[in-house]
Amino acid sequence: GSSREPIFGRRRDRAAGGRGTVLDQGGEWARGVRGPGDLIAPDYVRVTPAWGQIGRMYYTVLHVAALDPETGIGFLNDLLCGGKPVDLAWHLRPLSRPEAKARLDRGASISGSEASASMAEGGLIDPAAQRAAEDMEALRHLVEAGEEKIWRAGIYILVRGETLRDLTAAVDEVYARLGSGAQARIAYELQWHGLEAFTPSGQDLLNLPILTDTSAVCRAWPLGATSLRRPTGIFWGHDYDSGAPVIFDLFDRSLLANSNSCLL
């Protein structure tokens, strides 16, 4: 009953000869005409400090706050290949050698101070503090020699669920699968920025990186993820190491030379 003009009801097109032509589309919008944007857009978007909702899907974004220097190669395989599906986003930027050296000098000074403080308090050297100081000193020499680089690595995990209970269970499963290889935390108050980190724009608006060296990045990168899956195949079981489903067609000549099989 309102006489107010719809927001998307009228637009001005100057494509023809520079003259303004008014196109009245209010009637079409009133009849429910939809364009491509309406087909791909969600019904609504809701964002809270700890999670978000896009249509019927709940999500939360976690950021990796620390990597264990002793972690094995490809420890993220189990997270990507087994369990509930998650998305993984990496934003890597190498530091220049002067910037890396300044960061390492400051870190070595802090580690040395902590080791000295622990010895002054208890009379004994804290093994963890001593090890951290030694690792920092060794890494500083490797960077100065050009054998290592320091990276700002933003590693983010997007977890989904149909309900908040499913989302909570999925987050707990991510924590369990990461184990001691990495420490992940929910990006509180930054859920919308975290969602942007997974878009093709390539922007790290979340901006929660960790400083790591090239060797740690290589160990964390899931290069060892394997999967035997074909859209026309049948389910045979799960891969013993990664937990990924094995789905293939025994008679697919592009995959197998013959159709013989041996089950052990």
Side-chain angles (χ1 to χ4, degrees), residues 47-52 57-95 99-100 103-104 106-107 110-111 128 131-132 135-136 139 142-143 148-161 166-226 241-244:
V47 180
T48 71
W51 52 269
M57 182 195 74
Y58 293 88
Y59 79 90
T60 188
V61 176
L62 296 84
H63 68 98
V64 174
L67 290 176
D68 186 357
E70 300 298 329
T71 185
I73 297 176
F75 74 97
L76 290 175
N77 292 349
D78 189 38
L79 177 64
L80 296 178
C81 298
K84 298 181 180 179
V86 299
D87 294 322
L88 190 64
W90 287 61
H91 295 267
L92 298 175
R93 184 178 71 84
L95 297 184
E99 186 180 3
R103 294 286 189 99
L104 291 175
R106 186 162 58 252
I110 295 175
S111 300
R131 177 186 171 187
D135 291 343
M136 186 68 66
L139 181 57
L142 290 175
V143 171
E148 287 279 3
K149 275 192 173 183
I150 302 299
W151 300 79
R152 293 179 76 257
I155 308 176
Y156 310 125
I157 304 170
L158 178 67
V159 187
R160 302 183 297 270
D166 293 339
L167 183 64
T168 302
V171 171
D172 291 339
E173 182 176 342
V174 168
Y175 289 150
R177 290 186 176 275
L178 286 177
S180 59
Q183 298 179 11
R185 301 172 183 171
I186 295 177
Y188 286 102
E189 303 288 351
L190 295 172
Q191 289 299 308
W192 180 257
H193 300 78
L195 189 64
E196 180 68 23
F198 289 84
T199 64
S201 65
Q203 300 184 61
D204 184 9
L205 299 182
L206 197 58
N207 195 25
L208 292 174
I210 58 175
L211 292 181
T212 183
D213 57 278
T214 304
S215 298
V217 170
C218 293
R219 288 193 301 268
W221 190 265
L223 296 176
T226 58
D241 294 323
S242 64

Any donor and acceptor pair, going by atom type alone, linking the side chain of [X] with main-chain N or O of [Y] inside 3.5 Å?
{"X": "His63", "Y": "Ala184", "value": "no"}
{"X": "Gln183", "Y": "Ala66", "value": "no"}
{"X": "Thr60", "Y": "Ala50", "value": "yes"}

Would you call [X] and [Y] a side-chain contact if the rule is heavy atoms closer than 4.5 Å?
{"X": "Leu95", "Y": "Leu211", "value": "yes"}
{"X": "Leu88", "Y": "Phe198", "value": "no"}
{"X": "Ile150", "Y": "Asp213", "value": "yes"}
{"X": "Val217", "Y": "Trp90", "value": "yes"}
{"X": "Tyr58", "Y": "Asp166", "value": "no"}
{"X": "Pro94", "Y": "Leu92", "value": "no"}

query = Strictly by modelled atom types, are Asp204 and Tyr156 linked by a side-chain donor-acceptor pair under 3.5 Å?
reply =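 Distance-only check passes for Asp204 and Tyr156.
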query = With no hydrogens and no angle check, do the side chains of Gln191 and Thr48 hold a donor and an acceptor under 3.5 Å apart?
reply =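 No, because no side-chain N or O of Gln191 sits under 3.5 Å from a partner of the opposite role on Thr48.
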Find the distance between [atom1] ([X]) and [atom2] ([Y]) and round it off to the nearest 0.5 Å.
{"X": "His91", "Y": "Arg152", "atom1": "NE2", "atom2": "CZ", "value": "11.5 Å"}
{"X": "Leu190", "Y": "Leu195", "atom1": "CG", "atom2": "CG", "value": "12.5 Å"}
{"X": "Asp87", "Y": "Ile157", "atom1": "CG", "atom2": "CD1", "value": "10.5 Å"}
{"X": "Lys149", "Y": "Thr214", "atom1": "NZ", "atom2": "OG1", "value": "7.5 Å"}
{"X": "Leu206", "Y": "Glu196", "atom1": "CG", "atom2": "CD", "value": "10.5 Å"}

What pair of heavy atoms forms the shortest contact from [X] to [Y], and how long is it?
{"X": "Ile210", "Y": "Val64", "result": "CG2-O, 3.3 Å"}
{"X": "Leu67", "Y": "Ala216", "result": "CD1-O, 4.4 Å"}
{"X": "Gly161", "Y": "Leu167", "result": "N-CD1, 4.1 Å"}
{"X": "Ala89", "Y": "Ala197", "result": "CB-O, 3.9 Å"}
{"X": "Ala187", "Y": "Leu208", "result": "CB-CD1, 4.3 Å"}

